[in-house]
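Reading through the structure tokens given below for one structure.
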Amino acid sequence: MGASTQIHQTYANGHPAVDPTQVPYRLYTDPELYAREQEQLFRGPTWNYLALEAELAKPGDFRANFIGETPVFITRDQKGELHALVNRCAHRGAIVCREVRGNRKTMVCPYHQWSYDLNGTLRGVPFRRGVNGKGGYAEDFNPAEHSLTPVRIATYRGLVFGTFSDDVAPLPEYLGPAMREHFDTIFNRPIEVLGFSRQLIHGNWKVYAENTKDPYHGSLLHMFHATFGSYRSSQDGGMKVDEQGRNSLIIALKSDEKQELAAYTSESVGSYSKTLKLADPTLLAARPEFDRFSTTIQYIFPNLVVQQISNTLATRQLVPKGVDKFELLVTYFGYRDDDDEMRTMRIKQSNLIGPAGLIALEDGYAVELVQRAVAYDREAHSYIELGGRGTGNDDSLVTESAIRAFWKSYGELMGLRWGGSADGSNGTARAD
Amino acid sequence: MEATELRARIEDLQAAYAECLDSNRLEQWPEFFTERCIYKIIPYENEALGMPIPLMYGDSRGMLRDRVVAHRNANFFAPHMYRHLIARMRIAGNDHGVVSTFTNYAVYRTMLDPGDYGRSELFSVGVYQDKIVFENGNPLFQEKIVVIDTSQISTLLVTPL
């Protein structure tokens, strides 16, 4: 009996304790479930983040990417229109776009030099009529029938998303009002891409997805600010979850802007430090940028995180590479109208985030700690009841409501039967 | 200083630098730099695109010390050790006592955690683009730009390269 069948039966039989507050560890380790995710989730009714429009500024610009494990590439054609195409030649299936990014007029498959326009239309087939009247394709060969497979795209505020689904809700609706509002804030004016980082994390992509919906770990796993007393964790903030439970936004509010600023200026760093203080606090030199919040972590199901930590701005894309591995591709950006000082601050603060990030590097480690521990214990499950059993918005950061919402939504998309104790309400956490 | 001696002194600096990191004497690491300095690890991907984002950055000895204090006290990661292999450097120039060098390196990372104890992997390969000055007769890095070909970091990068 295949593992997937087992899961089906387990769920169909109403196996107890399968609910968003108790997630069986086999969901992180089952290769057949992973294969189903590729079809039902990444290639299902979801919008997958593909690129920032700023990366594809000029006609002819392209970049390769993935939707789940399906290779795709995104182009801006000579008319300035964006396209996404499955990166697979219509002839014999070879990868067509072989560079991570660049600028070209056409895309040529190296195997037999079939060439395509940047919108995917087949333009050229060598020896189409054969040689000396022999070989070649038949008279009724129609190039129009052999274009690259298109991926439907939509953009919002300069973020490009793609989908294989005809049924998925339009992108703005898929994002939901709260997520759109946050995009409107972060992507409020033209951006400039400042660089990339890549991290291969040896764990299931969903462990990381949970991590980005988990404000509980913030000041507990990432001890940098606590160690140096450079930032007082106010725990003021909250959690927004969209109606379907897929997308979420962690907001750490500025409790007191003066306190926030004081914490980041060299004069007072260390004022709440008991033992350690930064030798060079210019590392944390920052400017207040957004009115209401100091840190935001936004997750758009299934593969995008938008982060704003102090003045660092970045998208993080999850690229699954098998059931126990994924790549995290971080794209750092600032605004095109940043002055030199602002730009320098963003660059210096990048010390905080990414694979070597002083307040971020632990996440990759945490994912691997989970993956290792659950590898051989498929029936055991996690315990996700912080802040109650609700799956909606929460006005606390000491909550796992967005993680429960994620699993609820995941279960629905994957056709798994979820039951159990989660109340599924959209209310706030339990009252104290 | 004669060319032969200059090369020997800088090669000794490179070797001592590697040994410092490989033997986990991180507290001594900032001492290889001038008080105002640049230490930067930048992915080849960004360098090639002319984009500025580094993975690790410090522009003072103090900021490097902060990295070490965080490493020791704040950051969580699987215990590991490094082994640097340093290729023969090229001295590219000597501009009023600031010596520019290019040196290829490879760093193997050996895990010391229970699950993987003793497993080594090629963790990072790239080039050191250094600027070296002599202070009180001792060579120090005024600038050390580590351009890593291994843009894809395996799990995390917490120990300097």
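Letters A, B, ... are given to chains in the order of the sequence lines, protein chains preceding strands, and every chain is numbered from 1. Only a predicted model underlies this, so the values are computations on that prediction, with no experimental measurement involved.
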Tell me, for [X] versus chain A, whether the close heavy atoms (under 4.5 Å) come from the side chain, the backbone, both or neither.
{"X": "B/Glu45", "result": "side chain"}
{"X": "B/Pro43", "result": "side chain"}
{"X": "B/Leu49", "result": "side chain"}

Please report whether the ring centroid of B/Phe32 lies less than 6.0 Å from that of B/Phe141.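 So the answer is no for these two rings.
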Using the ring centroid of each side chain, check whether A/Phe73 and A/Phe62 are separated by less than 6.0 Å.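 No - the distance between ring centres of A/Phe73 and A/Phe62 does not fall below the 6.0 Å cut-off.
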Between B/Asp59 and A/Lys348, does any side-chain N to carboxylate O distance fall below 4.0 Å?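 Here B/Asp59 pairs with A/Lys348 in a salt bridge, since their nearest N and O are under 4.0 Å apart.
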Test: A/Arg372 and B/Asp116 ion pair at under 4.0 Å: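 So A/Arg372 pairs with B/Asp116 through a salt bridge.
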Worked verdict on B/Tyr82 versus B/Tyr108 for ring-ring contact (aromatic ring centres under 6.0 Å, His included): CA-CA 6 Å; B/Tyr82 280 173; B/Tyr108 288 81; over 10 Å; no
Which region of [X], side chain (C-beta onward) or backbone (N, CA, C, O), has a non-hydrogen atom less than 4.5 Å from a non-hydrogen atom of chain B, or is it both or neither?
{"X": "A/Glu327", "value": "side chain"}
{"X": "A/Glu368", "value": "side chain"}
{"X": "A/Leu221", "value": "both"}
{"X": "A/Val330", "value": "neither"}

Given ring-ring contact (aromatic ring centres under 6.0 Å, His included), test A/Phe187 with A/Phe333 step by step and report yes or no. CA-CA 10 Å; A/Phe187 299 95; A/Phe333 61 91; 5.2 Å; yes
Run B/Tyr39 and B/Trp29 through ring-ring contact (aromatic ring centres under 6.0 Å, His included) and show every step you take. CA-CA 11 Å; B/Tyr39 174 76; B/Trp29 171 65; 5.0 Å; yes
So which of [options] has the largest heavy-atom pair count under 4.5 angstrom toward chain A?
{"options": "B/Ala78, B/Ser151, B/Gly58", "result": "B/Ala78"}
{"options": "B/Met56, B/Arg61, B/Arg65, B/Arg67", "result": "B/Arg67"}
{"options": "B/Gly50, B/Pro54, B/Gly115", "result": "B/Pro54"}
{"options": "B/Asn73, B/Thr159, B/Asp66, B/Leu156", "result": "B/Asp66"}

Quick check on the interface: out of A/Ser197, A/Gly354, A/Ala356, who has the most heavy-atom pairs with chain B under 4.5 Å?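 Of the candidates given, the most pairs with chain B belong to A/Ala356.
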When only pairs under 4.5 Å are counted, which of A/Ile347, A/Leu200, A/Val367 shares the most heavy-atom pairs with chain B?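 The answer is A/Leu200.
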Count the heavy atoms belonging to other residues, nucleotides or ligands that lie under 6.0 Å from CZ of B/Arg25, then report whether that count exceeds 12.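 Enclosed: over 12 neighbouring heavy atoms sit under 6.0 Å from CZ of B/Arg25.
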In terms of ring plane angle, is the pair A/His217 and A/His222 parallel, tilted or perpendicular, where the classes change at 30° and 60°?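 If you compare the ring of A/His217 with that of A/His222, the planes turn out perpendicular.
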